[in-house]
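Presented below is the structure to which this report refers.
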Number of protein chains: 2
Amino acid sequence: MISSVLLDTAIEHFGRHGYEGASTRAIANASRTAMSSITYHFGGKKGLYLAAADHIAAGIAERQAAVLQRVREAGAATREQAIEEVLMLLESLGRMMLAQDTEHWARFIIREQQFPTEAFHRIFSGAMQPIAETLIGLIGQIRTDLDSREVRATAALMVGQVLILRAGHAAVCRVFEVLEIDRDLADLLIRRLRANARCILSEKPE
Amino acid sequence: MISSVLLDTAIEHFGRHGYEGASTRAIANASRTAMSSITYHFGGKKGLYLAAADHIAAGIAERQAAVLQRVREAGAATREQAIEEVLMLLESLGRMMLAQDTEHWARFIIREQQFPTEAFHRIFSGAMQPIAETLIGLIGQIRTDLDSREVRATAALMVGQVLILRAGHAAVCRVFEVLEIDRDLADLLIRRLRANARCILSEKPE
DNA sequence: GTCTATACTACGATAGAC
DNA sequence: GTCTATCGTAGTATAGAC
């Protein structure tokens with residue numbers, strides 16, 4: 001399907017150059033089709049952009065479906081189990097951030113975070129919200145000493161540790177004096193991510 | 001000075017639309033001057049972009065100079081003092097991220113992190129590196145149980161908690177169901193940031 | 001459905017007046 | 001130093017052939 005090729009190419013180009021910076025000519029060219037195919041399939045540049053957002057939301061939801069399902073089914077009978085589930089969720093998010101094939105998605109989303117449009121709304125509702133609510137629910141169970149807003153803040157900051165792997169990619173590479181985050185470094189980062197999160201979650205609730 | 005107005009406007013436009021998306025016409029227009037002034041003062045679009053990066057690096061360095069100076073002078077005699085200094089540094093970074101007037105800087109940098117150019121190099125070397133090295137040095141003193149790479153990972157992840165305040169701004173707002181992060185919420189986030197960091201740093205080194 | 005051709009607008013760079 | 005005028009290029013959209 002040419003429309004699916006156009007979508008993937010569009011995500012890459014929009015992520016790399018931004019909405020204004022990306023050109024429909026270049027996207028069509030890289031997809032080996034005529035520019036007017038975009039008009040036909042998506043109605044224009046804006047339609048293509050929104051379709052790209054939906055595609056990303058579906059992709060993230062699909063990738064996180066397994067871990068979300070596991071967490072929901074398992075419940076959180078004990079405090080230790082709830083902690084383990086938070087760590088599982090964070091690791092899953094971290095692995096997604098470090099995966100090569102989600103690079104373009106991440107760039108697209110980070111751009112949208114700065115000036116959210118309808119596209120961000122779709123990605124948040126479709127993919128981020130379910131994960132966030134699950135995380136907040138678990139942390140609320142673990143840290144009974146925190147009120148609702150504090151729980152949400154803790155969740156947000158915890159996700160920040162994951163986010164820097166992508167949003168601060170260049171700085172992380174410079175700090176470790178490497179050109180790319182290889183498998184070995186990725187494992188180290190995930191281990192520290194888990195350890196840090198465990199420290200925060202284990203704080204005595206009294 | 002018209003060139004200084006051009007710089008501020010340029011940072012805003014490049015941060016908002018990206019390098020390709022920003023137009024020198026619009027930048028000149030918003031600066032109430034002719035487009036050819038950019039050629040005269042900065043040699044062209046690219047020169048303006050690099051000058052903007054230098055301007056940001058200088059701005060960050062200036063803002064963090066006080067806290068860096070304090071940390072360096074105080075030294076870190078005791079473990080508790082070193083912890084307090086890390087918290088001070090993180091709070092200072094967090095306040096900068098939450099300040100309204102650094103919004104444009106942050107956007108500019110986040111874009112550069114995705115596809116670093118010469119501009120990122122200048123910002124990293126001029127502003128981020130001194131802060132990072134100070135942070136890493138302190139964490140190394142506090143968490144003697146971690147090796148050098150683990151210390152760097154811990155530092156990076158800790159900064160991630162600060163980064164999400166800007167890079168994940170839209171998502172944070174959605175999680176708290178607000179349109180903007182007001183003073184009250186900012187204080188709450190900084191409090192949790194300090195508490196989380198303290199949990200991580202206090203982990204017994206044995 | 002996918003192509004070519006074209007209309008129209010906006011871009012960055014530069015030359016030259018003042 | 002700052003302006004206007006203009007050049008060549010590249011952008012989106014659209015009409016119409018196949």
Side-chain angles (χ1 to χ4, degrees), chain A residues 1-56 58 104 107-108 111-112 114-120 122, chain B residues 1-56 58 104 107-108 111-112 114-120 122:
Chain A
M1 288 298 272
I2 189 65
S3 64
S4 127
V5 177
L6 273 170
L7 264 185
D8 285 330
T9 314
I11 290 170
E12 186 183 335
H13 281 238
F14 284 132
R16 187 179 285 264
H17 305 288
Y19 180 75
E20 293 105 333
S23 104
T24 53
R25 264 206 233 285
I27 292 169
N29 222 21
S31 306
R32 302 181 169 283
T33 185
M35 192 185 36
S36 47
S37 297
I38 292 172
T39 315
Y40 178 77
H41 285 288
F42 304 100
K45 191 181 189 181
K46 197 166 184 175
L48 178 61
Y49 190 73
L50 288 177
D54 288 335
H55 191 70
I56 290 171
H104 307 309
R107 287 197 238 283
F108 189 103
R111 282 184 189 276
E112 271 294 321
Q114 312 301 312
F115 291 96
T117 66
E118 166 69 14
F120 179 74
R122 296 190 187 191
Chain B
M1 289 297 270
I2 189 66
S3 65
S4 127
V5 177
L6 273 171
L7 263 186
D8 285 331
T9 314
I11 290 169
E12 185 184 336
H13 281 238
F14 284 132
R16 188 179 283 264
H17 306 288
Y19 181 77
E20 293 106 331
S23 103
T24 53
R25 270 181 157 84
I27 292 169
N29 221 23
S31 305
R32 302 182 168 283
T33 185
M35 193 184 36
S36 48
S37 297
I38 292 173
T39 315
Y40 179 78
H41 285 287
F42 304 101
K45 190 182 190 180
K46 197 166 184 175
L48 178 60
Y49 190 74
L50 288 177
D54 288 335
H55 190 71
I56 290 171
H104 306 310
R107 288 197 238 283
F108 189 102
R111 282 185 189 276
E112 272 295 319
Q114 312 301 312
F115 290 95
T117 66
E118 165 69 15
F120 179 74
R122 295 191 187 190

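Just so we're on the same page: letters track the sequence lines, and every chain starts at 1. Bear in mind that the values here come from a model prediction, so they are computed numbers and not experimental data.
Contact record, A:I11 with A:A52: CG1-CB, 3.6 Å, taken as the closest heavy-atom pair. Taking each heavy atom of A:I38 and A:L6 in turn, the nearest pair found is CG1-CD2, 3.9 Å.
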(request) Tell me, with the steps shown, if A:Y19 and A:E112 meet side chain to side chain donor-acceptor pair (under 3.5 Å). (result) CA-CA 10 Å; A:Y19 180 75; A:E112 271 294 321; over 6 Å; no
(message) Determine whether B:F42 and B:S3 satisfy the following criterion, side-chain contact (heavy atoms from CB on, under 4.5 Å), listing intermediate values before the conclusion.
(response) CA-CA 9 Å; B:F42 304 101; B:S3 65; 4.1 Å; yes
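Among pairs with a residue in residues 27-36 of chain B, those fulfilling side chain to side chain donor-acceptor pair (under 3.5 Å) read B:T9-B:S31, B:T33-B:S37, at least two apart in sequence or across chains.
A side-chain donor-acceptor contact under 3.5 Å links B:K45 to the backbone of B:A22.
Taking side-chain N and O atoms only, A:Y40 has a distance below 4.0 Å to OP1 or OP2 of C:dG1.
Atom NZ in A:K46 sits roughly 15 Å away from atom C1' in D:dA13 (whole-Å rounding). The distance from atom NZ of B:K45 to atom C1' of C:dA10 is 12 Å, rounded to the nearest whole Å.
Aromatic pair A:F120/A:F108: centroids not less than 6.0 angstrom apart.
Taking every heavy atom of residues 16-38 of chain B and every atom of DNA chain C, pairs under 4.0 Å involve B:A22, B:S23, B:T24, B:R25, B:M35, B:S36, by number. DNA chain D is contacted by B:I2 of residues 1-13 of chain B, taking any non-hydrogen atom closer than 4.0 Å.
The side-chain contact (heavy atoms from CB on, under 4.5 Å) test with B:D8 singles out one residue from B:H13, B:H104, B:H55, and that residue is B:H55.
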